[in-house]
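Only one structure is covered here, and it is reproduced in the block below.
Sequence lines set the chain letters: A, B, ... in the order given, protein chains first and strands last, and positions in each chain run from 1.
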Amino acid sequence: MNFDFSEEQYLLRDQARKFLDDRSTPAVVRAVLEDDEKPYDAELWQEMAELGWIGAIVPEEYGGAGMTGEDLCVIAEELGRSLAPTPFSSSVYMATEALLLAGSDAQKGDHLPAMAAGERIGCFAVSEGVGVANADSIKMRASDGAVDGTKIPVADGDIADFAVVLARAGSDLSLYLVDLTGEGVSRKSVETVDPSRSHAEITFEKAAAEPLGAAGEGWEITQAVFDRAAILMAFEQVGGAQACLDMATEYAKNRFAFGRPIGSFQAIKHKLANIYIDVELARANAYYGAWALAADAPDLSTAAAAARVAASEAYNHAARENIQTHGGMGFTWEFDCHLYYRRAKLLSLALGGERRWKDRLISQLETRNFTGEE
Amino acid sequence: MDFNDTPEEAEFRAEARAWLAANAEPKAPGKVYKYRRGEPELIPAAREWERKKFEGGFSGIALPKEYGGRGGTRLQQIIFAEEETNYLIPPPIFSISHGMAVPTMLTYATEEQKQRFVPATLRGDEIWCQLFSEPAGGSDLAGLRTRSVREGDEWVINGQKIWTSGAHYADMAILVTRSDPDAPKHKGLTYFFLDMKSPGIEIRPIKQVSGFSNFNEVFMTDLRIPDSQRLGDVGQGWQVAITTLMNERVSSGVRPAPDFEDIFQLTKDLELEDGPAIADTAVREKLADWYIKAQGVKLIRARLVTALSRGERPGPENSISKLVSSFRRQEIAHFGMDLMDMAGGMMDPDKMPSRALYQQALLDAPGGRIAAGSDEILRNIISERVLGLPPDIRVDKELPFNQLPTGSE
């Protein structure tokens, strides 16, 4: 039994934490949050490319670092902890994974080296507005090598160079690569509850589109990308949740009321113990996801759904109660609690909400003769 | 990461499996077995099973050979316990004996006493109970009042204990008493071991909500214990008690029933208005929550095993697992019964799903959230020992014990 990261992976984590403590401070996050003209921190993004993180799972032949999915999980946890305001999840967990899963050699060669270098940013466009986006609901049309329709919101859609777009050609739901700087593409920023991450509405009018993966397999590939992204994002969520717990604990130790630290009151202690338990349950489920990702395990989808549900609940819980522990000060713009509160909610919606993933988890379990053992 | 045994672990597991296959009856896959505690009629079989394990070299796996143990590791103990759950074996009535009494005896008893009692316990000849909790000292153990007064080479004990599991069949006991009521509460305690057949002991079973009687009140009236059976110094009873409690066993991985697998199956089998219960959105949400908790606890245990495998000390894993699992069991029992609708309250095993497992669990589950560290105490432990939050302000720490408010004056 070796259900833990390796010594090398712990070194990677320490290196990542040190770098991000220095480079992705709350001031850096706030600069993006408060400046409408600054959708992400471009310098931080470039430095992350130099560290090999953006191309972490890109094979060396395409200019990547050739790390494992487990290594990327280690980095993801630190990105979540530091709220790094970059298009990492869009470009790495989504676009890179989609190219690796479904791209032709030519497509990989066209995109991956520039992506790994941080010079080209990809995004993944599924949602078409309020409501569940699924195989039945997608309205975006594809025909004659072009796509028509609107995707909203698209994370990092305003800064990405290209998008992976889910669209319908006849009865086939397929994925397409679309150059967002080309003709027929108009985009505008949309505000979300977390302006430290940029989002856009993208309208396509006969925009040139190149199929990614086999025709008619768009939904299956999307699900596969979502599963893998769910595990990576779960690590971001665990990192963020842990940061909230650390903040709340520190505050409870130092804030005095009624002549004693508020952390000596059981009302606060038990609140924080409950967060700790949720974070540990989420961490355990995320670790299993990391293992499933690296081993490409048959129950990857189950592991992904469990990791996502546990992590979404833990992060939202931790972010909410972190503000509560801080009292009135936690509700001010000045304190950093709200940065996590915003991110927690946004991340738990990014790949579809908790209700959808709980349903998916049970659907996955129904497909196997469940005996409690794998 | 991987979930594989190391070659040494695999070798031990194979040995354990082979031995179990030759000495016990395997459980039938998928069958629901009645949950059994230490009912008196099962004691002879439990002793016999312990003796078999002792002779086979699987009792006291992590204890030194010189006292009858195997001289192995805690991890081997866990591996054996995992394998043992696949077999029909008597209820685990030796957990207090092995997990609490033996480590305390090994730390504080004389060499002669260790030789006399430890191998006999591992062989199943001596069953121990733990005379700790009192009506006035449960979660607040150091508030106990049972008096010990020294008379020459003996101590005279008067007082009452409660919640004593297995007192009705135990041969021996470990006991904490108050020897100095003028000292602050933690400083006036003294610890002993004794024969449960000593004169002056009266045992009264307590009938639980579930109707069973697994634990007792124990009254001690002019009970005499030789000073040679004192463990630790006079007034050092608290430190000895901490040793006992620190050795609470690493959970064997036996899952509380009903758990996720049970309710998952039940929701497939039960029909609601629009088809099987599992098709209902509200049901699916609950199932998902229980799955991530059950799976989380299982995986947290995998991290504990990893730590032990690396020779590291276990962390707060057991506190998390116990809190999460005992609460989940109660929730699942409630929800399973709700799905059974108007008939959900019936107890007849022949008429009810899983032989009335949910109904039995409903009545048994409250105890799980109180025994061996209540939910509230475990949250205190996590917040203080893991998160480093300050302890509660203690109004009772420095005052002489006999001046503490008791609320009964």
Under 4.5 Å between any side-chain heavy atoms of [X] and [Y], yes or no?
X	Y	answer
B:L299	A:Y287	no
A:N2	B:N4	no
A:K269	B:R379	no
A:E70	B:M1	yes

Let me confirm one number: the CG-CD distance from B:L387 to A:E250, rounded to the nearest 0.5 Å.
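B:L387 CG to A:E250 CD: 11.5 Å, rounded to 0.5 Å.
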To the nearest 0.5 Å, what is the distance between CG (A:L365) and CZ (B:F260)?
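Interatomic distance, A:L365 CG to B:F260 CZ, rounded to 0.5 Å: 5.0 Å.
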Need one label for [X]: side chain, backbone, both or neither, based on atoms under 4.5 Å from any heavy atom in chain A.
X	answer
B:D2	both
B:L378	neither
B:E376	both
B:V386	side chain

Which one wins on heavy-atom pair count under 4.5 Å against chain B: A:D246, A:V309, A:N274, A:I268?
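It is A:N274.
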Below 4.5 Å, heavy-atom pairs only: which of A:A305, A:A310, A:S264, A:A282 has the largest tally toward chain B?
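Result: the option with the highest number of such pairs is A:S264.
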Which heavy atom of [X] sits nearest to which heavy atom of [Y], and what is that distance?
X	Y	answer
A:L281	B:I300	CD2-CD1, 4.0 Å
A:K253	B:P390	CG-CD, 4.4 Å
A:M1	B:E9	N-OE1, 3.6 Å
A:G263	B:L389	O-CB, 3.6 Å

For A:W357, enumerate each residue passing the ring pair (Phe, Tyr, Trp, His ring centres under 6.0 Å) test, keeping only those at least two apart in sequence or located in another chain.
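For A:W357 there are no ring pair (Phe, Tyr, Trp, His ring centres under 6.0 Å) partners, ignoring immediate neighbours.
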Side chain, backbone, both or neither of [X] within contact of chain B (heavy atoms, under 4.5 Å):
X	answer
A:R360	neither
A:T249	both
A:E313	side chain
A:L361	side chain

Taking side-chain contact (heavy atoms from CB on, under 4.5 Å) as the definition, give me every residue that meets it alongside B:A307, ordered by chain and number, with sequence neighbours left out.
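Testing B:A307 for side-chain contact (heavy atoms from CB on, under 4.5 Å), a comparison that skips the adjacent residues, returns B:E312.
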I need the contact set between residues 255-262 of chain A and chain B: heavy-atom distance under 4.5 Å, sorted by residue number.
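Residues of residues 255-262 of chain A touching chain B at under 4.5 Å: A:R260, A:P261.
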Within the supplied structure, the quantity of interest is the number of heavy atoms (other residues, nucleotides, ligands) at a distance under 6.0 Å from A:E7 CD; does it exceed 12?
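It does not: A:E7 CD has 12 such atoms or fewer within range.
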Taking only heavy atoms into account, what residues of residues 279-289 of chain B are found under 4.5 Å from chain A?
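Within residues 279-289 of chain B, near chain A: B:R284, B:E285, B:L287, B:A288, B:D289.
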